[in-house]
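Report on the following structure.
Per chain, numbering begins at 1; letters A, B, ... match sequence-line order. Computed from a predicted structure; not experimentally measured.
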Number of protein chains: 2
Amino acid sequence: MVKPETRTGKSYHHGDLKEALLRASLELVDEKGPHGFTLAEVCRKAGVSVAAPYRHYRDKEALLAAIATAGFELYHDQLARALEQSEDKTFKGLTTLARTYVRFAIANPPRYRVMFSSDLSKAKFPELYATARRAFDVVFCTVENCLIASNKSTENTYVLSLLIWSHCHGIATLCVDGFLREIAVEEQVDHLIDLAVESFTNKIHGSP
Amino acid sequence: MVKPETRTGKSYHHGDLKEALLRASLELVDEKGPHGFTLAEVCRKAGVSVAAPYRHYRDKEALLAAIATAGFELYHDQLARALEQSEDKTFKGLTTLARTYVRFAIANPPRYRVMFSSDLSKAKFPELYATARRAFDVVFCTVENCLIASNKSTENTYVLSLLIWSHCHGIATLCVDGFLREIAVEEQVDHLIDLAVESFTNKIHGSP
DNA sequence: ACCTGAACACCGTTCAAGT
DNA sequence: ACCTGAACACCGTTCAAGT
């Protein structure tokens, strides 16, 4: 973890402050949410001065983008693992992915919020978008598998993947942001997701 | 608009500062987005001291909640008007609503973001939730009409409405937040929405 | 090269004081 | 009752200075 320290006693504070800041930031976001996230407090956690981060991140926004990127990497891994463990890589795999997607959001709202924060310009942080795209690719490939298995054209794979992704994202967002107050969320969310996948599946079967 | 002013010359600044603050806030949010929204700047716009708002709103969050509430009222009106103008109040009406929904978001991202801001606790601002619920009701009623027109049970109206709402919300959010980079958004968003409504419609026809 | 200390502008909130 | 002025704590960012 810690890079080989320079040997001049204890010279400065860290071997890898950049990484340490990211770790402290992830903790802080999980604790207080993106709203309560403060550069100053990250510095306190990492034990450095408030000016230190600027050597490694251009500004607060850049650090948030790094948090989001790390979040999407984790997201990708969880989706990929879930798909691996599913025996079926087509329609049942899709259900697995969809459930995993929403569970991730519910299990960690603050991080999910940072990942999809509207404050983070995707044009400004291409790596953020690229990492999100990689996670999305797990869905994309599965949808492609579904189409192939159904003897359908794969030319609309992207739009169809967008369709199922947006639906999961919509449910997850509404759920996490407290808009689903008239149902027992914890119990019914899987049901909602299943319905979403089901209507999507029907859509595929009905498409050319 | 302006309440009857007390006659002691020009006594203080406003007849209705609360309303003036809300108007200034809406402008500011539309200009700079929720991130750039600042109490101090609202005060400057309204021409009052920075302490003045605290007589009318408990804190910054409460003012944001008021903005969001006003947003949902407008949202409700636009949805209701769109439905009125649609000759069909069932499936075609649903398409109209869905398109109106997403267009609203695209036409004014900052306000849409405040409305669905995760920082605004719905438990803390029941009026915010109630107003959102009223907008949602337009969808709810239309879904109910669809079910009735199809001779289906209406016992799952809520969950089904949630399904179409979340799908629209997911698409709108991804769109507004810059995640739809591989399609020409402006042109294809209506198409996406139509696909969403279509698969939803099939779902209804296939349900008990 | 990497970090500190001090400084600056700005913000949210409070409170005594004014009318 | 409604607003101001001044004050406080806190934050993001910069920059000269240290090692």
Pairs of donor and acceptor atoms involving the side chains of residues 75-85 of chain A, under 3.5 Å and at least two apart or interchain, shall be tabulated with distances.
residue, atom, partner, partner atom, Å
A/Tyr75, OH, A/Tyr101, O, 2.8

Could you give all pairs that pass the ring-ring contact (aromatic ring centres under 6.0 Å, His included) test and reach residues 42-65 of chain A, with sequence neighbours left out?
none
Could you write out each protein N or O paired with an N or O of nucleotides 7-11 of chain C at a distance under 3.5 Å?
residue, atom, partner, partner atom, Å
C/dC11, OP2, B/Arg44, NH2, 2.8

Tell me the interatomic distance from [X], atom [atom1], to [N], atom [atom2], rounded to whole angstroms.
X: A/Arg55; N: D/dT19; atom1: CZ; atom2: P; answer: 16 Å
X: B/His35; N: C/dG12; atom1: NE2; atom2: P; answer: 12 Å
X: B/Leu17; N: C/dT19; atom1: CG; atom2: C1'; answer: 16 Å
X: B/Glu19; N: D/dC2; atom1: CD; atom2: P; answer: 15 Å
X: A/Tyr57; N: D/dT13; atom1: OH; atom2: C1'; answer: 17 Å
X: A/Asp16; N: C/dC2; atom1: CG; atom2: C1'; answer: 12 Å
X: A/Asp59; N: D/dT13; atom1: CG; atom2: P; answer: 5 Å

Which pairs would a plain distance check flag for residues 126-136 of chain B, meaning a side-chain donor or acceptor within less than 3.5 Å of a matching protein atom at least two apart in sequence or in another chain?
residue, atom, partner, partner atom, Å
B/Tyr129, OH, A/Glu182, OE2, 3.2
B/Thr131, OG1, B/Glu127, O, 2.7
B/Arg133, NE, A/Glu182, OE1, 3.4
B/Arg133, NE, A/Glu182, OE2, 2.4
B/Arg133, NH1, B/Asp137, OD1, 2.7
B/Arg133, NH2, A/Glu182, OE1, 3.0

Do A/Asp88 and A/Ser86 meet the criterion of a side-chain donor-acceptor pair at a distance under 3.5 Å?
no
Who passes side chain to side chain donor-acceptor pair (under 3.5 Å) against B/Ser118, sequence neighbours left out?
A/Arg113
Residue set satisfying side chain to side chain donor-acceptor pair (under 3.5 Å) with A/Asn156, at least two apart, ordered chain then number -> none
If you assign each of B/Ala51 and A/Ala52 to its closest nucleotide in DNA chain C, which residue comes earlier from the 5' end?
A/Ala52
Give a yes/no answer on whether the side chain of B/His56 brings an N or O atom under 4.0 Å of OP1 or OP2 in D/dC3.
yes
Of the candidates C/dC3, D/dT14, D/dC2, the side chain of A/Tyr54 sits closest to D/dT14
Which salt bridge (Lys or Arg N to Asp or Glu O under 4.0 Å) pairs, counting each pair once, include a residue from residues 39-65 of chain B, with sequence neighbours left out?
B/Glu27-B/Lys45, B/Glu31-B/Lys45, B/Lys32-B/Glu41, B/Glu61-B/Lys124
Selection residues 157-171 of chain A - residue pairs positive for salt bridge (Lys or Arg N to Asp or Glu O under 4.0 Å), sequence neighbours left out:
none
Where does DNA chain C form stems of at least three consecutive Watson-Crick or G-U wobble pairs, each pair having both distances below 3.5 Å?
C:4-8 with D:12-16, C:12-16 with D:4-8
By the definition side chain to side chain contact (heavy atoms under 4.5 Å, CB included), identify the one residue from B/Leu94, B/Ile164, B/Leu147 that meets it with B/Thr142.
B/Leu94
